[in-house]
Amino acid sequence: MKNFPERVLVQTTPAGEPVAVERGGRQWLVAEEPLRWFERINWWERSARMPRGQGRIDVEVWRVQARLGRNPRSDLATLELERDQMGGGWQLRAWT
């Protein structure tokens, strides 16, 4: 598994579940039901100060299996995505 924080574009359902990930100009479509969990982080490792109004920081993480485009013969890739709770963006944490 390669670990690298990288900004990606993620399309979601109205409920917030990822359905597609765009990375490097290529679109990966989620092919299996994604898995979601939350992690507690040490905010001081990411920022000089704690965000206003928050007593703790939890990070939303999704693990998805996706295929390149609409090609049913494309191998499944496993992506670990983290949602930025402050800005609403997404970061790719791991890719296998």
For the pair Arg63 (side chain) and Trp37 (backbone), establish whether a donor and an acceptor sit closer than 3.5 Å, ignoring hydrogens and angles. no
Mind checking side chain to side chain contact (heavy atoms under 4.5 Å, CB included) for Asp75 and listing every partner two or more places apart, or none if nothing turns up? none
From the list Glu82, Arg93, Arg36, side-chain contact (heavy atoms from CB on, under 4.5 Å) partner of Trp62 resolves to Arg36
Nearest non-hydrogen partners of Ala20 and Gln27, listed with the distance: CB-NE2, 3.8 Å
Report the residues that fulfil salt bridge (charged side-chain N to carboxylate O under 4.0 Å, His left out) with Glu32, sequence neighbours left out, ordered by chain and then residue number. none
Working to the nearest 0.5 Å, report the span between CD of Glu39 and CD of Glu60. 11.0 Å
Please determine which of Leu92, Leu29, Val10 meets the side-chain contact (heavy atoms from CB on, under 4.5 Å) test together with Val21. Val10
Residues Gln65, Thr78; criterion side chain to side chain contact (heavy atoms under 4.5 Å, CB included); working and verdict: CA-CA 5 Å; Gln65 290 192 311; Thr78 302; 3.5 Å; yes
Residues forming a salt bridge (charged side-chain N to carboxylate O under 4.0 Å, His left out) with Arg7, sequence neighbours excluded: Asp84
Qualifying residues under side chain to side chain contact (heavy atoms under 4.5 Å, CB included), relative to Arg26, sequence neighbours excluded: Trp28, Leu68
List the residues meeting side chain to side chain contact (heavy atoms under 4.5 Å, CB included) with Arg67, not counting sequence neighbours, and say none if there are none. Ala31, Ser74, Leu76
With the 4.5 Å side-chain cut-off for hydrophobic clustering, are Phe38 and Leu35 part of the same group? no
What closest approach, in Å, do Pro18 and Pro34 show between heavy atoms, and which atom pair accounts for it? O-CG, 4.3 Å
Is NZ or CZ of Arg23 both nearer than 6.0 Å to the six-membered ring centre of Trp95 and within 45° of the ring axis? yes
Counterpart residues, side chain to side chain contact (heavy atoms under 4.5 Å, CB included), relative to Glu22 (two or more places apart): Leu9
